[in-house]
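Remember, predicted model here, so these are calculated numbers, not experimental data. Chain A is the first sequence line, chain B the second, and so forth, proteins listed ahead of strands; every chain is numbered from 1.
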There are 2 protein chains.
Amino acid sequence: MDVIRKNKISIRDIAKECNVSVATVSRVLNNSSAVKEQTRLRVQKVIDKYNYKPNELARGLYTQRTKSIGVILPEITNHFFAKVFLEIERAALEYGQTVFLCNTLSDYKLEDFYTERLTEKQVDGLLLLGGRVNQTKTNIQYVNLLKREVFPTPVVIINGKLDNYSENCATVSSDEYEAMYQAVQYLTGLGHRNIAFLGGKKGIMSTDIKLAALKAAAKSYNFVIKKEWIKLSDYTYQGGVSAMNKLLAEKDKPTAIIAINDEAAAGIINTCISKGYRVPDDFSVLGFDDSFIAATTLPSITTLSHPYKKLGSIAVSFINDMINEKPIGKDKNISLRMSIVERQSCKRL
Amino acid sequence: MDVIRKNKISIRDIAKECNVSVATVSRVLNNSSAVKEQTRLRVQKVIDKYNYKPNELARGLYTQRTKSIGVILPEITNHFFAKVFLEIERAALEYGQTVFLCNTLSDYKLEDFYTERLTEKQVDGLLLLGGRVNQTKTNIQYVNLLKREVFPTPVVIINGKLDNYSENCATVSSDEYEAMYQAVQYLTGLGHRNIAFLGGKKGIMSTDIKLAALKAAAKSYNFVIKKEWIKLSDYTYQGGVSAMNKLLAEKDKPTAIIAINDEAAAGIINTCISKGYRVPDDFSVLGFDDSFIAATTLPSITTLSHPYKKLGSIAVSFINDMINEKPIGKDKNISLRMSIVERQSCKRL
DNA sequence: AAGAGTTTTGTATCCGGTTACACCTTTTTT
DNA sequence: AAAAAAGGTGTAACCGGATACAAAACTCTT
């Protein structure tokens, strides 16, 4: 079967109509070197007449720059990822880059697949968030593009880290460890010393970090986290519900609850209310992430917010430094402070 | 400044190492025509050895297919758009397509800008949702790519429509008019005849359609919608709050409330509860969209769900029909039925 | 073993841009 | 006014694939 060529108008057509060479048209398009004003105008006129836009494929083929970057994340329906993505796109726009979005649904095969796909599409860089890079102990296979010694595609990881080959990629993270300290400081400041931790999942980075930080903070503030007050489940609303139900089954009860994230916190709050407890009167509940849901529960959730804007803009600027082979140096692993957003779910004891 | 070429390994390198022509390597890559098994294996071996992946830019330049499609929408942080996007991507994957995501933040300039950008990037098709196409009366400028008589980029609009140039694009929509009929039938079935409508904004398609449908349905079911029970605001949680506050200021009160969407419904419910009313005992509240929030409020929201999966898969299949120049015929404007999801926010009178 | 038919492979061109380098003008310098 | 410098433009090669067409290498007849 013959390929049907949709010969759109090309630079050669423009050149012919202007009686100039393609080089001149190209110069006008890119403002790359001096063109006599008179010629410039003549060419521009024809460009406008046909509303001619250069083919970015052809351009990219020669320049080795596509001005496209790829973002790989688990699920864009998750509000956290959506917020980060929005900031990434906003930042990319400033660098003239457009972004591919790939959802892996936490399927490792899809992670690998998309990594390859985007590389074939010659993206200038790759941003990874969540997924395998959030697994504390997994040896990451899909980042074998980082192993390539020659001209690897620049990779930046947001809120995750790589144990192997990390020298080939930069990371930008929210400092969840420190954030947990803030959380504990805030709650102890309100008089709480009996604190539970609900939700999350062992082996996932943000859970492991938060738990470790919580234990360390407890030691600093001189109280203990009872084992039976730690109920892991997952990162969902339902996870919050089930963890809270387990907690309520204990005879000893805390006065404050730290949830792995806002979705779980919402589940926790609603479970309390359904069972006749009041929030924050009977339990103070603290969330993480500052998701959309945090502002829409009753009571609304006091939470630790990610520095979304910075997360996106720094990641994109890192990518561009790497693209332009500027050394990022030792600052290539940045940790950003999270900040508390006070709402209604926590109360002085 | 000299351009630095990152000469990655190319098809010519592979060909040389195998002592065959580039044509043969290309044939192996694409399984396009018979290659002697022995040769095939030899070539494949070298391909694997270098983990060689063909450059999609070069391929696309010749084939005039990028296997990329673009999605333009207002804001991915909006759960409705995120859900649709996820389905689009899933469907695109089956066609071997990867997708660019562009957020316009409802800025018309950005809509135009991205439309142009994506066209320059030679996307095989464009999917539009929300934004200007959701404005009932605006004359759409940015779809002037549809005006091109020769080889226009295929465009499919999801939940929107175009007044001009619509013959050049297909549409896939949720039938919100019929959905409102379902809503009214459901509420009247529960004995409600005093129904309010809160949220939304005049001039936006889904508001205008729903209002018109509500009035028509009221007529069919023989009741009237009081003017003072229609409080427009917007599509947000806060919009629900403010509309509900206005409604509560009226001395005459309805028994059921239809919200423009679930976010507004959440605001409405929380406002009721904050003011000492009970939902669904004092007010039944019905939402639209089946957003994430609908399952996480207390009470959870009974709502009309979009056919997300179909919305995405049909849109993508339309795009591909257009790409392959298959005539879509008169079915190119499809309207899909929404379905009610019963939760806890509505109750028999 | 020559000729016909089939299978496999190679050559050269194309896709649509960018740019090094050469060449031709024009302006400036002396 | 000639030489040097600067300015403007064109030619041709290149980026890395796909494929039409030609040619070579087989296989099968008779």
Pairs under 3.5 Å (N/O, protein and nucleotides 27-29 of chain C):
none

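- When each of A:Arg12 and B:Arg59 is assigned the nucleotide of DNA chain D with its nearest heavy atom, A:Arg12 is the one assigned upstream, toward the 5' end.
- Regarding contacts with the backbone of D:dC15, every side-chain N or O of B:Asn55 stays at 4.0 angstrom or more from both OP1 and OP2.
- Distance, A:Asn31 CG to C:dT19 P: 13 Å, rounded to whole Å.
- Separating the CD1 atom of A:Ile11 from the P atom of C:dT19 is a distance of 11 Å, rounded to the nearest angstrom.
- Applying the side chain to side chain contact (heavy atoms under 4.5 Å, CB included) criterion to A:Lys16, with sequence neighbours excluded, gives no partner residue.
- One finds a side-chain N or O of A:Tyr52 lying less than 4.0 angstrom from the OP1 or OP2 phosphate oxygen of C:dG17.
- Per the geometry, CD1 belonging to A:Ile14 stands 13 Å off P belonging to C:dT18, to the nearest Å.
- In this structure, CG in A:Leu86 is found 5.5 Å from OG1 in B:Thr77, a value given to the nearest 0.5 Å.
- B:Ser68 and B:Lys121 share no donor-acceptor pair across their side chains, judged by distance under 3.5 Å alone.
- Following rounding to the nearest Å, A:Lys16 (NZ) and C:dG16 (C1') show an atom-to-atom distance of 14 Å.
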What N/O pairs connect the protein and nucleotides 5-9 of chain C at under 3.5 Å? Give each pair on its own line.
| unit_1 | atom_1 | unit_2 | atom_2 | d |
| --- | --- | --- | --- | --- |
| C:dT9 | OP1 | B:Thr39 | OG1 | 2.3 |
| C:dT9 | OP2 | B:Lys36 | N | 2.9 |

For the pair A:Ile69 and A:Tyr95, evaluate side chain to side chain contact (heavy atoms under 4.5 Å, CB included) and give the outcome as yes or no after the intermediate values.
-> CA-CA 11 Å; A:Ile69 62 176; A:Tyr95 290 87; over 6 Å; no
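- OP1 or OP2 of D:dG16 lies within a sub-4.0 Å distance of a side-chain N or O belonging to A:Gln64.
- We find the OG1-CD distance between B:Thr39 and B:Glu37 to be 9.0 Å, quoted to the nearest 0.5 Å.
- The distance from atom CD1 of A:Ile72 to atom CG of A:Leu126, rounded to the nearest 0.5 Å, is 4.5 Å.
- For the ring-ring contact (aromatic ring centres under 6.0 Å, His included) test, no residue two or more places apart in sequence or in another chain qualifies with A:Tyr52.
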Decide yes or no on side chain to side chain contact (heavy atoms under 4.5 Å, CB included) for A:Thr98 and A:Lys67, but give the supporting numbers first.
-> CA-CA 6 Å; A:Thr98 314; A:Lys67 290 278 173 188; over 6 Å; no
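- Put simply, CD1 on B:Ile47 is 16 Å from P on D:dG16, counting in whole angstrom units.
- At whole-Å resolution of the value, CZ in B:Arg65 and P in C:dC14 are 21 Å apart.
- Atom CG in A:Asn30 sits about 13 Å away from atom C1' in C:dG16, given to the nearest Å.
- Each of D:dA20, C:dG17, D:dG17 was ranked by its minimum atom distance to the side chain of B:Ala58; first place goes to D:dG17.
- For A:Leu61 and D:dG17, the CG to C1' distance is 8 Å, given to the nearest whole Å.
- Remark: A:Phe85 pairs with no residue by the ring-ring contact (aromatic ring centres under 6.0 Å, His included) rule, at least two apart or across chains.
- Using the six-membered ring where Trp is involved, B:Tyr308 and B:Phe80 have ring planes that are tilted, between 30° and 60° apart.
- Between the side chain of B:Arg90 and the main chain of A:Asn103, no donor-acceptor pair closer than 3.5 Å is present.
- When the local axes at the two ends of the helix from C:dA1-D:dT30 to C:dT30-D:dA1 are compared, using 5 base pairs at each end, they differ in direction by 50° after rounding to 10°.
- Under the 3.5 Å distance criterion, the side-chain polar atoms of A:Arg40 are left unmatched by any main-chain donor or acceptor of A:Asn31.
- Within the 4.0 angstrom heavy-atom criterion, only backbone atoms of the sugar-phosphate kind lie near A:Ser10; the bases stay farther away.
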